[in-house]
Amino acid sequence: MAARRHHERQRALDEILPASGRVYVARLNGADMADEMSTFQQFSELLKFPDYFGWNWNAFYDCLRDLQWLSSDHHVLIIESAESALPEDSGARDEFFRSLWRAGQRWSYVKQPEGVTLSRLSIVLSCEEGAMSGLASRLERSRSG
């Protein structure tokens with residue numbers, strides 16, 4: 001069973017990580033995102049948001065959809081214990097997941113000029129097995145909201 005899980009994780013990593021190029025990986029923990037400010041602080045520090053970051057959800061989304069200052073070909077954002085983010089503020093939690101969803105969509109649907117390789121953003125949300133259905137429901141609501 002453990003060997004199978006290891007193989008599945010390795011295959012998932014192979015899909016996320018590129019074969020070549022400069023990769024920037026930021027690893028965050030939802031359990032450390034107690035409120036909006038701590039969430040913004042974590043992202044700002046680990047993704048090196050520019051000084052003009054406005055410390056609100058619109059600015060958060062704007063920074064996630066850009067990331068040009070990282071000078072990377074690929075960006076991987078790993079959020080462990082994602083189900084634990086913003087536990088006391090459902091409105092902020094909805095904005096958080098909506099911002100992640102919108103940023104992921106933005107990176108997915110940018111038209112590529114001929115002969116130009118665009119950067120890529122991969123967002124990995126990790127949670128305890130028992131929290132998967134709740135997190136999936138929240139993401140689905142974010143997608144439609």
Side-chain angles (χ1 to χ4, degrees), residues 2 5-113 116-145:
R5 279 190 186 154
H6 175 73
H7 178 71
E8 289 172 357
R9 285 184 187 141
Q10 187 60 47
R11 191 174 67 216
L13 282 175
D14 289 345
E15 290 177 17
I16 293 168
L17 296 175
S20 64
R22 295 169 298 171
V23 179
Y24 187 90
V25 178
R27 190 177 206 134
L28 301 103
N29 191 327
D32 296 332
M33 299 177 197
D35 56 28
E36 288 182 345
M37 285 305 119
S38 62
T39 301
F40 295 149
Q41 186 69 40
Q42 269 201 68
F43 277 82
S44 180
E45 287 176 6
L46 291 173
L47 292 176
K48 302 177 182 176
F49 283 178
D51 291 338
Y52 59 79
F53 173 55
W55 299 86
N56 61 61
W57 292 113
N58 287 333
F60 179 75
Y61 167 70
D62 287 344
C63 285
L64 286 179
R65 70 186 179 113
D66 188 351
L67 300 177
Q68 62 151 346
W69 54 86
L70 293 177
S71 301
S72 301
D73 299 319
H74 304 278
H75 312 90
V76 180
L77 178 56
I78 301 169
I79 304 172
E80 298 180 84
S81 300
E83 78 284 3
S84 300
L86 299 152
E88 303 297 321
D89 189 342
S90 63
R93 191 170 47 244
D94 289 345
E95 281 295 327
F96 173 65
F97 286 113
R98 188 174 9 264
S99 296
L100 293 176
W101 180 264
R102 288 175 56 213
Q105 276 193 310
R106 174 81 166 103
W107 282 85
S108 297
Y109 295 112
V110 174
K111 291 197 177 206
Q112 180 175 337
V116 174
T117 302
L118 297 177
S119 296
R120 190 174 117 194
L121 172 67
S122 297
I123 301 172
V124 179
L125 302 177
S126 172
C127 67
E128 294 294 325
E129 189 171 344
M132 284 191 325
S133 64
L135 183 58
S137 295
R138 179 162 303 285
L139 291 171
E140 187 61 36
R141 284 192 307 273
S142 297
R143 183 177 152 197
S144 59

Taking the side chain as every heavy atom from C-beta outward, state whether Leu86 and Glu95 have any pair of such atoms under 4.5 Å apart. no
Output yes when a side-chain donor or acceptor of Gln42 lies under 3.5 Å from a complementary backbone atom of Leu28, and no otherwise. no
Phe49 and its side-chain contact (heavy atoms from CB on, under 4.5 Å) partner, picked from Asp51, Leu47, Leu46: Leu47
Those residues that, when tested against Asp62, pass salt bridge (Lys or Arg N to Asp or Glu O under 4.0 Å) (two or more places apart): Arg65
Looking at side-chain heavy atoms only, is the closest gap between Lys48 and Leu70 below 4.5 Å? yes
Between CZ of Arg93 and CZ of Arg98, what distance do you get to the nearest 0.5 Å? 12.0 Å
Could you go through the side-chain contact (heavy atoms from CB on, under 4.5 Å) check for Phe43 and Ile79 one step at a time? CA-CA 10 Å; Phe43 277 82; Ile79 304 172; 3.9 Å; yes
Which atom of Arg22 lies closest to which atom of Ser71, heavy atoms considered: NH1-O, 3.2 Å
Would a 4.5 Å heavy-atom cut-off, applied to side chains only, mark Trp69 and Cys63 as touching? yes
Using the test ring-ring contact (aromatic ring centres under 6.0 Å, His included), find all partners of Tyr24 that sit at least two apart in sequence or belong to another chain. none
Distance in Å, Ser122 OG paired with His74 NE2, rounded so as to fall on 0.5 Å steps: 8.5 Å
Geometric class of the Phe53/Trp55 ring pair [parallel <30°, tilted 30-60°, perpendicular >60°]: tilted
Separation between CG (Asp32) and OG (Ser81), nearest 0.5 Å, reads 8.5 Å
Would you compute the distance between atom OH of Tyr61 and atom CG of Asn56 and round it to the nearest 0.5 angstrom? 14.0 Å
Rounded distance [0.5 Å steps], OG in Ser99 versus CG in Leu64: 7.0 Å
Got a second to check how far His75's NE2 is from Arg120's CZ, nearest 0.5 Å? 11.5 Å
Return the orientation label for the Phe60 and Phe96 ring planes: parallel under 30°, perpendicular over 60°, tilted otherwise. tilted
Sub-3.5 Å donor-acceptor pair from the side chain of Glu36 to the main-chain atoms of Ala92, do we have one? no
